[in-house]
Asks: 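Pasting in a structure now, in structure tokens, and then I'll have a few things to ask.
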Amino acid sequence: MSRYNAAEVEPKWQAAWDAAHAFEVDGKSGKPKYYALEMFPYPSGNIHMGHVRNYAMGDVIARYKRACGFEVLHPMGWDAFGMPAENAAIEKSVHPKGWTYANIDAMRAPLKRLGFALDWSREFATCDEAYYKQQQAIFLAFWDKGLVYRKTAKVNWDPVDMTVLANEQVIDGKGWRSGAEVETRELDQWFFKITHYADELHYALDDLERWPEKVRTMQRNWIGRSEGAQFKFTFDGTAPEGFEEIEVYTTRPDTLFGASFVAMAYDHPLIKSLNAESAPLQELAKTCMAMGSTAEAIEKAEKLGVDTGLRVQHPFDPGKTLPVYAANFVLMGYGTGAVFGCPAHDQRDLDFARKYKLDVTPVVLPKGEDANTYKIEDTAYTGEGVLFGSGFLDGMSKVAGIVAAIAKLEELGIGTKQVTYRLRDWGVSRQRYWGCPIPIIHCDACGAVPVPTKDLPVSLPEDVKFDGLGNPLERHATWKNTPCPKCAKLARRETDTLDTFADSSWYFARFAGGQGNGQPDDRPFDKEEASAWLPVDQYIGGVEHAVLHLLYARFFTRGLRDCGLLDLPSGEPFDGLFTQGMVTHASFKTEDGAWVIPADVDEKDGKFFELGTGKSVTKGAVEKMSKSKKNVVDPADIIEGYGADVARWFVLSDSPPERDVEWTEAGAIGAWRFASKIWATVAETDASDFNPLDTPQDADGEALALRKLVHKALVKVTEGIDEFRFNTSVAQIYELTNALKKYKANDASKIEGLGVLVRMIAPFMPHLAEECWAYLGGIGFVCDAPWPKAEAALLVDDQITIPVQVNGKRRTELVVSKSTPKDELEKLALAEPLVSAHIEGKTIRKIIVVPGRIINIVAN
RNA sequence: GCGGGCGUGGUGGAAUUGGUAGACACGCAAGACUUAAAAUCUUGUUCCUGUAUAGGAGUGCCGGUUCAAUUCCGGCCGCCCGCACCA
């Protein structure tokens, strides 16, 4: 028996799969389709453990579904545009294109070495001219459909990356990539009209049953749909010039009788028009802008406002007028930029009212309170209750009040029911070189003119200089200056490129819509093929994309659908979504704060020392592998040392897939030992007289017991994969392997068991599985072998063990025939010495017998 | 502040239409093999009761429902994630 040699075996099978084009599909097999996809990688140049885990999970699904009889599309490509390439260009004087493609080549090799069941024939990079040409075509299709527009907008400007960021890309007031404080600038920007689908994107979340609830909640919050009323206040006395009324938005029109002021954003046009003559207003504007997006805690602590001196008429109460304030807590970007304040039932309004000594009039009475004595102290009441002091609304519930108030506003002709969203249109202009050029030409005479389809692609010029100062395209005269397609006069190309999130918003359709190397060049993807494969049945990636990427992709597929490019009625690109946890690793630090590579740390008596220097080090947090913490484990080293199967097995063992998994050297060794054990178990068996696909008919005694174990394990392993709980499948595989190793007879039952084991490990450790399969005399590749089927008869036992409890405490157990009747079980239980000892001197009140489960004797 | 999730041995974790808590693995301990070590194999390993075919306690804490609660309900505590003046 030879020792298992992964370094030899793995490349052998990879070559065999390649030669057989084992994982290339054309959608014409007649089998049901299954589209398995992992979020494609950014070509940083290095494969890391996170990739291994992500793709290992996808590969388990792909190989398993394949074995279950599906034609599985499982493609791979590169999310290749983006700023790191430009940063590298600036720092190392290499061209982004050369840098990116070199990285792709550097990453493809280790990725292939992991032996994933991928259809590499469909590979592409988003920076391929063929790809971005089609992205430009999509841009123009969206333009024609009214899903693209241009406007001057206040934008989030990242001063480090020197580009605009979408709202989603600003995290705590800082750029999501650079971490720099984001500034506000006004620029001409391109937008995708994602708000056109706001309602659909919101409601369709309910049907995404195979998405994590967490992600759906995050998207729901992001879209921020709210129902309310929009209505007008008219001025009491003279109106400011140019304004007839103040339009406000509220979700609580039922509390209108409790209103004591109107508050407006500092940058509301009406307030702006008053600014010139009011120093306090200018001061407020200054304060608001300075606070910007950073110190939210401070903002929260202090409500600021300036009384404009204006007053408005209460719409329902002729005898009442309200003061108009400019206030720092009202946002121009939401609703109408103006609200009415009802301090009793909104905390912000209450804080404001207390500070500026405004009335606090409760109009919603909580259950159990008396209208005459009910007072609001320093907590606003936002719950249910009965309306009072509210004229025609008196006695109504909150919901009824809202409906009635809206009806009244409509009757008065001053307001309507209104749905408002937090979601903004997607700003896609980026002042960057390494991205998809926006196919527009600016002509002084004709305006923004789309580049004619026949002139696509608008290619990125290669002769550019990178000095870190803004967008090189802006300064490339021969590229930038070009004739207008309409009037032929000299015009200028749009120099902005598209946000790279556009690239990843439709790549899955391109994978699906062109077989072999033949992705079409005259359309983004073959409509029929893409429509047949989509939606992706199982999508796997990090939860960090819960809002950005996944929302943009949902928008794109709807746009593609409505442009007639894709037949996907639901508009949903991903039927099932799974967000996997990270790969973490221990980190170590010396006393002077320098991080130490874990491999250079030695442990003695619970203390840690750096090898070589002997310096004492402390164990830091177990956290995500990162270069700065020096706690990175390079998959290449693991593959070299233990093999791809071991790396794959490790990242799938122990931890549930959605949780983080801690990489440990001991665990890696454990996985390696297990792989060796499987090989040893198989290779010490003489399989020459049997076939792994045969089912023994006449097994009895130990052979029958083994068969039962095998088939029960099969059920559990299958469930584990189906339910994305690979760690439980792994545990079952361990257990089964141990049993098979112990079973020394060389008979049909053992070969059957080994055959089942090998097919079950195939999605996890495919190379080892092929080697074992070949040894056992299996026909063809194990990756083509059908998933084993459990025999129902073997899953039930005649003899079962039933625990016996006295007063809920387990005292003993009975081993009985499954068909033992209830009264017989009672008799047997009571006859047990350990039972009688505990019921002695007591009266039996009740005996509960749950067939096949438990017996509980209640006595006191 | 709002929303979501989680809390089980030394460690990762298993068990939920309520039914033997701790499967499986790591680690640790003892033993076998060996001149020795590594590898491998065997046994043990929640805690307490000096011994254990026995008893008691035990799934963050307090309480409830139930013959029976890791699982269901109520209230706390702690940790993680997301959103954050969204009217």
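All of these numbers come straight from a predicted model, not from anything done at the bench. Letters A, B, ... mirror the listed sequences (proteins, then strands); counts begin at 1.
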Asks: May I have the distance from A/Glu658 (atom CD) to B/rA14 (atom P), rounded to whole angstrom?
Replies: 8 Å

Asks: Measure from the side-chain heavy atoms of A/Asn738 and tell me the nearest of B/rG19, B/rA25, B/rA87.
Replies: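 The listed nucleotide nearest to A/Asn738's side chain is B/rA25.
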
Asks: Taking atom P of B/rA54 as reference, at what distance in whole Å does atom CD of A/Glu832 sit?
Replies: 12 Å

Asks: Tell me whether A/Lys303 forms a cation-pi arrangement with A/Phe352, defined as NZ or CZ under 6.0 Å from the six-membered ring centre and within 45 degrees of its axis.
Replies: no

Asks: Regarding A/Asp797 and A/Lys818, does a basic nitrogen lie under 4.0 Å from an acidic carboxylate oxygen?
Replies: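 Salt bridge: no.
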
Asks: Report the nucleotide, chosen from B/rA14, B/rC83, B/rC24, that has the shortest atom-to-atom distance to any side-chain atom of A/Tyr734.
Replies: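 So the nucleotide nearest the side chain must be B/rC24.
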
Asks: Closest to the A/Arg673 side chain: B/rC67, B/rC24, B/rU40?
Replies: B/rU40

Asks: Identify which nucleotide among B/rC83, B/rC85, B/rA23 has an atom closest to any side-chain atom of A/Arg348, counting heavy atoms from C-beta outward.
Replies: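 Looking only at side-chain atoms, A/Arg348 lies closest to B/rC85.
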
Asks: Side-chain contact test, heavy atoms from C-beta onward, threshold under 4.5 Å: evaluate it for A/Thr255 versus A/Lys398 and give yes or no.
Replies: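 In short, these two side chains do not touch, never coming nearer than 4.5 Å.
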
Asks: Would you mind checking if A/Arg225 and A/Glu227 are paired as a salt bridge, meaning a charged N to carboxylate O distance below 4.0 Å?
Replies: yes

Asks: So do the side chains of A/Ile844 and A/Val858 get within less than 4.5 Å of each other, counting heavy atoms only?
Replies: no

Asks: Assign a letter to each nucleotide of nucleotides 3-13 of chain B from its 5' end: B, base within under 4.0 Å of a protein heavy atom; S, sugar-phosphate only; -, no contact.
Replies: S--------BS

Asks: With a 4.0 Å cut-off on heavy atoms, is A/Tyr249 in touch with a base, just the backbone sugar-phosphate, or nothing at all?
Replies: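 Answer is base: heavy atoms of A/Tyr249 come under 4.0 Å of a base.
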
Asks: So if I take residues 334-342 of chain A and measure heavy-atom distances to RNA chain B, which residues fall below 4.0 Å?
Replies: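 The answer is A/Tyr334, A/Val339.
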
Asks: Can we call the ring centroids of A/His314 and A/Phe257 under 6.0 Å apart?
Replies: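 Yes, ring centres under 6.0 Å apart.
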
Asks: Determine the interplanar angle of the A/His549 and A/His545 rings, folded into 0 to 90°, and report it as parallel if under 30°, tilted if 30 to 60°, perpendicular if over 60°.
Replies: perpendicular

Asks: Assign the ring pair A/Phe261 / A/Tyr325 to parallel, tilted or perpendicular, where the plane angle (0 to 90°) is split at 30° and 60°.
Replies: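 Perpendicular, since the angle between the ring planes exceeds 60°.
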
Asks: Would you please enumerate the stems RNA chain B participates in, each stem being three or more consecutive Watson-Crick or G-U wobble pairs with both distances under 3.5 Å?
Replies: B:1-7 with B:77-83, B:10-12 with B:24-26, B:27-32 with B:40-45, B:46-49 with B:54-57, B:60-64 with B:72-76

Asks: How is A/Val850 classified with respect to the nucleic acid when contacts are heavy atoms under 4.0 Å: base, sugar-phosphate, or nothing?
Replies: base

